[in-house]
Amino acid sequence: MDSQKKISRLDDLIFDNRFTRELPADPEIANNRRQVFSACYSRVLPTQVAEPQTVAYSREVAELLDLSEEVCQSADFTQVFVGNRLLPGMDPYAICYGGHQFGNWAGQLGDGRAINLGEVVNCHGEHLTLQLKGAGSTPYSRTADGLAVLRSSVREFLCSEAMHHLGVPTTRALSLILTGEQVVRDMFYSGDPKPEPGAVVCRVAPSFTRFGSFQIFAARGEIDLMKKLLDYTIRTDFPHLGEPSRDVYLAWFAEVCRRTAEMIVHWQRVGFVHGVMNTDNMSILGLTIDYGPYGWLENYDSNWTPNTTDAADRRYRFGNQPQIAFWNLGQLANAIYPLIEQVEPLQQAINVYTKTFEQGWQTMVAAKLGLNTFDSATDDELNTELLMLLQSVETDMTIFYRKLALLVMDIELSDEALMAPLMEAYYVPEQITDAYQAGLGNWLRSYIKRVQASGIANTERRNIMNAANPKYVLRNYLAQLAIDKAEQGDFSMVNELLELLRYPYDEQPGKEEFALKRPDWARQRAGCSMLSCSS
C-alpha cells in the first residue's frame with residue numbers, strides 16, 4: 001500500500017455505520033439482560049478498564065484498515081481497541097440472534113460478550129466491521145459477564161490470523177490487549193473457579209451476520225424484520241446478486257451454501273476442528289467465526305472433538321463437520337422459507353452445498369497427494385485406504401502429509417525403506433507392526449504407480465503437496481505454551497507464533513521445533529487436548 005494512504009491518527013478512521021443506520025434498533029437503552037424483540041441490535045458501550053496493555057497486533061489487518069505501524073504501537077491504539085475510548089463516528093452495538101446449540105433450538109443468544117464498534121471504510125472502499133470480544137456485558141449476556149480471559153483470547157487472536165495465512169476463509173483479528181483486571185472463570189465447570197487475566201480481542205470482518213441472525217426472527221414470527229435484514233444483507237454484502245427479490249433470495253442462499261462448502265473443505269484439508277458448530281457460530285459469508293474450543297488434529301482421528309461439552313455425543317467431531325454444515329444450512333433454509341414458500345427451490349439451492357463440497361473435496365484430496373487431477377476410479381479407494389491406515393495407529397496428520405512429499409518414487413524399495421521419510425509422523429513406534437508396515441508398503445506402491453501413471457514430474461508433485469499441506473499449524477500445545485508465558489507477562493511467544501504462522505507452507509530454517517509432533521506431556525494436559533467453552 002502507498003504509505004501516503006496510511007492513517008497516522010486513529011481519529012482519521014472513516015466510519016460508515018450502515019448496520020445501525022438502516023436496521024431497527026432496540027428502543028430500550030439500559031444495558032440490562034433481557035429478551036430483545038423487533039430489533040436487529042442494541043446500542044451498548046464497552047466497559048472501561050484500568051490498565052490496558054497491548055500484547056500483539058496483526059500488521060496485515062492493520063494494513064487492511066490503513067493503520068500505520070506507529071499508530072498500532074501507540075498508547076491511543078491500546079485505549080481504543082480495549083474499549084476505553086470511542087473514536088468519532090463509532091456507534092457501538094450488540095447484535096440480536098438465536099441459534100441451534102448441539103442440535104437443539106436455544107432461542108435468543110446474541111452478542112453476549114461482543115460489542116461492534118462500527119464499520120470502517122478503508123482506502124479501497126471496503127467496509128470492515130470492528131468488533132471487541134470480551135469488552136463487557138450486553139443485553140444478550142444472559143448470566144455471563146461479557147468478559148474474556150487471556151487464554152481464550154490468545155487462542156482466538158492467533159488462530160484467526162493463522163487460518164488466514166493457511167488460505168482458510170476466516171474472520172480476522174487486529175489486536176490482543178490485556179485489560180489489567182482479573183476475570184473469574186471455572187475452566188472445566190468443575191466447581192473450582194479461579195481469577196485469570198482479562199483480555200479483549202478486536203475482530204474484523206465485512207460482516208458478523210450469522211445463520212442465527214435470521215433464525216431468531218423466523219422463530220418469533222417477525223418475518224417483516226427478517227426480510228428487512230435479508231434485503232440489507234444482499235445490498236451490502238452480496239450486491240452482485242442484484243436487487244432483493246424472491247429469485248435473488250434463492251441465489252443468495254445458494255451462494256451461502258457454496259461458500260460454506262468451500263470453508264469446510266479447507267477445514268478438513270488442514271485438520272481444523274471447530275468444536276462448536278452451532279448455527280449461531282456459522283457466518284453467512286462462509287468465514288470461520290468464533291474460535292472457542294477449537295483444536296487441530298494431531299494424531300489423525302476422525303472421531304476427535306476438542307470440546308469437553310461435546311465429549312459424550314461427539315456431534316462436532318472432525319469427521320462429522322461436513323454433515324453438520326449441511327444440517328445447519330437446512331436450519332437456515334427453514335428460517336427463510338416464509339420468503340420463498342416452496343421447498344423445491346430451497347432444496348435445489350442446498351444441493352449446491354453437496355455438489356460444491358464433493359468437487360472441492362476431490363480437488364483437495366488430489367492436491368494433498370500431489371496429483372494434478374482426481375480420478376474417482378482409483379483415487380476414492382486410494383484415499384479411503386490411506387485414512388484407514390492413518391487412523392489405525394497414532395499418526396500425526398500434518399507431518400505425515402508433509403513428509404509424504406519426500407517419498408522416494410521406487411516401488412522396488414522395501415517397506416522399511418519406503419516408510420523411512422514418514423517415521424517422524426508416528427507417536428508410538430511400537431504400534432507399527434509387521435502387518436501395518438506391509439499394509440502401508442502396499443499403499444505406498446499403489447500411490448507411486450498412480451503418480452507415475454499421471455505423468456506428473458516428481459518436482460511438480462512435491463510443489464503441489466507443499467502448497468496444500470502446511471508444515472506449521474497452531475498446534476494446541478504451542479498455543480498453550482504461549483498462553484503460559486503471556487500469563488506471566490512474557491508476550492514473546494505469542495508474537496513469535498504470529499510471525500511463524502504467517503508462512504505456514506514455507507520451510508523456515510531454524511523454526512523446525514515448531515513443526516514437531518505433540519510432546520507426551522501435552523497428551524492429556526488441559527488446553528492441549530480438550531477445551532471447554534469457558535473464556
Item to complete: State yes or no: are the ring centers of Phe19 and Tyr232 separated by less than 6.0 Å?
Response: yes
Using a 3.5 Å cut-off and no angle test, enumerate the donor-acceptor pairs between side-chain atoms of residues 95-106 and protein atoms at least two apart in sequence or in another chain.
| unit_1 | atom_1 | unit_2 | atom_2 | d |
| --- | --- | --- | --- | --- |
| Tyr97 | OH | Gly110 | O | 3.2 |
| Tyr97 | OH | Asp111 | OD1 | 3.3 |
| His100 | ND1 | Gln215 | NE2 | 2.9 |

Residues in ring pair (Phe, Tyr, Trp, His ring centres under 6.0 Å) contact with [X], at least two apart in sequence or another chain:
| X | answer |
| --- | --- |
| Phe374 | none |
| Phe81 | Phe77 |
| Tyr249 | none |
| Phe253 | none |

Salt-bridge criterion met for [X] and [Y] (N-O under 4.0 Å):
| X | Y | answer |
| --- | --- | --- |
| Arg203 | Asp290 | yes |
| Arg314 | Asp301 | no |
| Glu60 | Arg172 | no |
| Arg317 | Asp310 | no |
| Glu63 | Arg59 | no |
| Arg258 | Glu255 | yes |
| Asp224 | Lys228 | no |

Hey, what do you get for [atom1] ([X]) to [atom2] ([Y]), rounding to the nearest 0.5 Å?
| X | Y | atom1 | atom2 | value |
| --- | --- | --- | --- | --- |
| Leu287 | Arg210 | CG | CZ | 11.0 Å |
| Leu501 | His165 | CG | NE2 | 8.5 Å |
| Ser141 | Asn31 | OG | CG | 7.0 Å |
| Tyr316 | Asn307 | OH | CG | 9.0 Å |
| Leu130 | Asn116 | CG | CG | 9.0 Å |
| Ile7 | Cys72 | CD1 | SG | 10.5 Å |

Keeping the roles fixed (side chain from [X], backbone from [Y]), state whether a donor-acceptor pair exists under 3.5 Å.
| X | Y | value |
| --- | --- | --- |
| Asn122 | Leu64 | yes |
| Asp66 | Cys123 | yes |
| Asn278 | Asp280 | no |
| Arg402 | Tyr505 | yes |
| Glu126 | Leu65 | no |
| Tyr447 | Leu369 | yes |
| Thr171 | Thr288 | yes |

Are any of the side-chain heavy atoms of [X] and [Y] separated by less than 4.5 Å?
| X | Y | result |
| --- | --- | --- |
| Arg450 | Asp375 | yes |
| Ser207 | Thr233 | no |
| Leu132 | Pro92 | no |
| Val473 | Met397 | no |
| Arg235 | Glu243 | yes |
| Asn469 | Thr398 | no |
| Trp296 | Val270 | yes |
| Asp16 | Arg21 | yes |

Which heavy-atom pair separates [X] from [Y] by the least distance, and what is that distance?
| X | Y | value |
| --- | --- | --- |
| Pro306 | Gly295 | CG-N, 3.6 Å |
| Val276 | Asn281 | O-ND2, 2.9 Å |
| Ser137 | Thr47 | N-OG1, 4.2 Å |

Practice prompt. Starting from the C-alpha separation in whole Å, work towards a yes-or-no answer on side chain to side chain donor-acceptor pair (under 3.5 Å) for Thr170 and Tyr291.
Written response: CA-CA 10 Å; Thr170 179; Tyr291 291 95; 2.5 Å; yes
Discussion item. Evaluate Arg246 against Ile340 for side chain to side chain contact (heavy atoms under 4.5 Å, CB included), listing each step before the verdict.
Written reply: CA-CA 6 Å; Arg246 181 181 176 277; Ile340 308 298; 3.8 Å; yes
Worksheet entry | Step-by-step side chain to side chain contact (heavy atoms under 4.5 Å, CB included) determination, Trp267 to Ile264 | CA-CA 5 Å; Trp267 288 5; Ile264 299 294; 3.5 Å; yes
Practice prompt. Verify whether one side chain among Asn17 and Glu119 offers a donor that lies under 3.5 Å from an acceptor in the other.
Written response: no
Fill in: Set of residues satisfying side-chain hydrogen bond (donor to acceptor under 3.5 Å, both in side chains) with respect to Asp506, sequence neighbours excluded
none
Discussion item. Just to verify, what does Tyr140 make a side-chain hydrogen bond (donor to acceptor under 3.5 Å, both in side chains) with, not counting sequence neighbours?
Written reply: Ser42
Item to complete: May I ask you to check if Arg155 and Tyr294 form a cation-pi contact, with NZ or CZ under 6.0 angstrom from the six-membered ring centre and within 45° of the axis?
Response: yes
Can I get a per-line list of side-chain donor-acceptor pairs under 3.5 Å for residues 322-332, giving both atom names and the distance, sequence neighbours left out?
| unit_1 | atom_1 | unit_2 | atom_2 | d |
| --- | --- | --- | --- | --- |
| Asn328 | ND2 | Met277 | O | 2.9 |
| Gln331 | NE2 | Trp327 | O | 3.2 |

Only counting residues at least two apart or in another chain, list the ones meeting side chain to side chain contact (heavy atoms under 4.5 Å, CB included) with [X].
| X | value |
| --- | --- |
| Gln35 | Phe37, Gln108, Arg220 |
| Glu381 | Glu385 |
| Ala251 | Leu241 |

Item to complete: Using the six-membered ring wherever Trp is involved, compare the ring planes of His274 and Phe272 and label them parallel, tilted or perpendicular (cut-offs 30° and 60°).
Response: perpendicular
Worksheet entry | Evaluation steps, side chain to side chain contact (heavy atoms under 4.5 Å, CB included), between Thr260 and Met282 | CA-CA 9 Å; Thr260 302; Met282 298 291 291; 3.8 Å; yes
Worksheet item: What residue pairs, at least two apart or across chains, pass salt bridge (charged side-chain N to carboxylate O under 4.0 Å, His left out) with a residue in residues 31-45?
Response: Asp26-Arg34, Arg43-Asp91
